[in-house]
Amino acid sequence: MKKFTIFGNPVAHSKSPKMHNSAFDGLNIQANYSKTLLEDGSKLKEKFLELGVDGANITLPHKEEAFRICDKVDSFASRVGAVNTIVKKDNKLYGYNTDASGFLRAIRMFNLDIKTILIIGAGGTSKAISRILQDEGYIVTILNRSASRLESFEGFERYTFNDFKPKKYDLIVNSTSAGLEDDSLPMPQDMLISILENAKASIDVVYGKETPFLKLSKSLNIPSKDGSDMLLFQGVIAFEKFTNHQFTFEEIEKFMKKAF
Ligand code: NDP
């Protein structure tokens, strides 16, 4: 019986155990995926080894610690400095970032001609998705409430609300947690309406809740989605790594989807 878990704080809300266990069952793999509340991130490696797991996902706020404890990190996750998937092989820990590749797949499903993207927010998620989008040739602009986090976005056009001069963007991304536990929009309403009106689509990384950002996008009749596809796809890509690429993306997705 192989063992997997997700480490986070909080972790009670995580859908990952349901998603992965559903795929393990459907694909007849003897494995179990649990959730592990980890308050002290510095204990991540110790806990990973103590539980004897074969792999894990890592969620807030431990993705940077996960990056530090791996013996080998793939080149994309190294550039981002954050790992959300660890696989143990031959007693070594291998780290990956599947949030970014999951997000990329989610926006491609819009099937629209998207070239320019505005990302609202400059946190960990923004760092990962902006990097993969730039690698894939999209023209990415970052907009954040405050200036300090923008410093790590060298090579991007970047603004705070004060110096932002809105242009036309094909896709608007809310990568902030605004609206997750309150009713706030991620940026001033008038400015947001003007950019959404000129956009082809919008996406929120928050899932399982219709945020004010998503509500506003829908009211303007542009194709919009929450973070569920991103969540599903990052999970499928992590599962591919947990099972050493024995199954196709579609085979895994078919069972993992049942958790939603
Ligand atoms: P961080 O804490 O690293 O960053 C938060 C960002 O949001 C900052 O830029 C912050 O701005 C901004 N922000 C927070 N509240 C507001 C607000 N009320 N108005 C404007 N800006 C605000 O968070 P993460 O990047 O790690 O996570 C962001 C979200 O992504 C979370 O909700 C998480 O659940 C979700 N997520 C979803 C995934 C999925 O699979 N769908 C995967 C990973 C994450 P400032 O710098 O000014 O503080």
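Both ligands and their constituent atoms are indexed starting at 1 by order of listing. As a basis for the values below, the full set of heavy atoms in this structure was taken, side chains included, without hydrogen atoms, waters or symmetry mates.
Each of the atoms 32 (O) of ligand 1 lies under 4.0 Å from some heavy atom of L180. Of all atoms in ligand 1, listed by their number and element, those nearer than 4.0 Å to a heavy atom of D99 are 42 (C). Each of the following atoms of ligand 1 lies closer than 4.0 Å to a heavy atom of G121: 9 (O).
Of the protein's heavy atoms, M230 SD, 3.6 Å lies nearest to atom 39 (C) of ligand 1. Taking atom 11 (O) of ligand 1 as the reference point, the nearest protein heavy-atom neighbour is N144 OD1, 3.3 Å. With hydrogens left out, the protein atom closest to atom 45 (P) of ligand 1 is S146 OG, 3.4 Å, a heavy atom. Closest to atom 20 (C) of ligand 1 among all protein heavy atoms lies P186 O, 3.2 Å. Of the protein's non-hydrogen atoms, the one nearest atom 31 (C) of ligand 1 is S177 CB, 4.1 Å. Here the protein heavy atom with the shortest distance to atom 19 (N) of ligand 1 is R145 NH1, 3.6 Å. The nearest heavy-atom contact from the protein to atom 27 (O) of ligand 1 is T125 OG1, 3.2 Å. Closest to atom 46 (O) of ligand 1, if we only count protein heavy atoms, is R149 NE, 2.7 Å.
For ligand 1, the polar-atom distance check against F161 finds no nitrogen or oxygen pair separated by under 3.5 Å. The N/O atoms of L60, backbone and side chain alike, include none that comes under 3.5 Å of an N/O atom in ligand 1. Checked against a 3.5 angstrom limit, the closest N/O atoms of G124 and ligand 1 fall inside it. In terms of polar-atom proximity, Y207 is not counted as a contact of ligand 1, lacking any N or O under 3.5 Å from an N or O of the ligand. Of the N or O atoms in T176, none lie within a sub-3.5 Å distance of an N or O in ligand 1. At least one N or O atom of V205 sits closer than 3.5 Å to an N or O atom of ligand 1.
Residue-ligand proximity: K63 is placed with a non-hydrogen atom under 4.0 Å from ligand 1.
A search for side chain to side chain donor-acceptor pair (under 3.5 Å) contacts involving Y96 returns nothing, not counting sequence neighbours.
The aromatic rings of F153 and F156 sit perpendicular to each other, their planes meeting at more than 60°, with 30° as the lower class boundary.
Salt-bridge check for R108 with E136: passed, with a basic side-chain N closer than 4.0 Å to an acidic carboxylate O. Between K200 and D170 there is a salt bridge, since a side-chain N of the basic residue sits under 4.0 Å from a carboxylate O of the acidic one.
Contact annotation: for S175 versus ligand 1, heavy atoms closer than 4.0 Å belong to the backbone alone. Under 4.0 angstrom from ligand 1, the non-hydrogen atoms of V206 all belong to its side chain.
Using a 4.5 Å cut-off on side-chain heavy atoms (C-beta onward), F260 and K18 make no contact. Inter-residue side-chain proximity for F4 and V53 is flagged as unmet; no heavy-atom pair is nearer than 4.5 Å. The shortest distance between side-chain heavy atoms of K63 and V80 does not fall below 4.5 Å. Considering only heavy atoms from C-beta on, I107 comes within 4.5 Å of L133 through its side chain.
The ring-ring contact (aromatic ring centres under 6.0 Å, His included) contacts involving residues 179-237 comprise F233-F249, where partners must be two or more places apart or lie in separate chains.
Dense packing is recorded around NZ of K241, with more than 12 heavy atoms of other residues, nucleotides or ligands lying under 6.0 Å away.
The closest heavy-atom contact to atom 18 (N) of ligand 1, among the options S184, P212, A106, A122, comes from S184.
N84 pairs with exactly one of D99, N57, T59 by the side-chain hydrogen bond (donor to acceptor under 3.5 Å, both in side chains) rule, that one being D99.
Remark: the backbone N or O of T5 is not paired with any side-chain donor or acceptor of S34 at under 3.5 angstrom.
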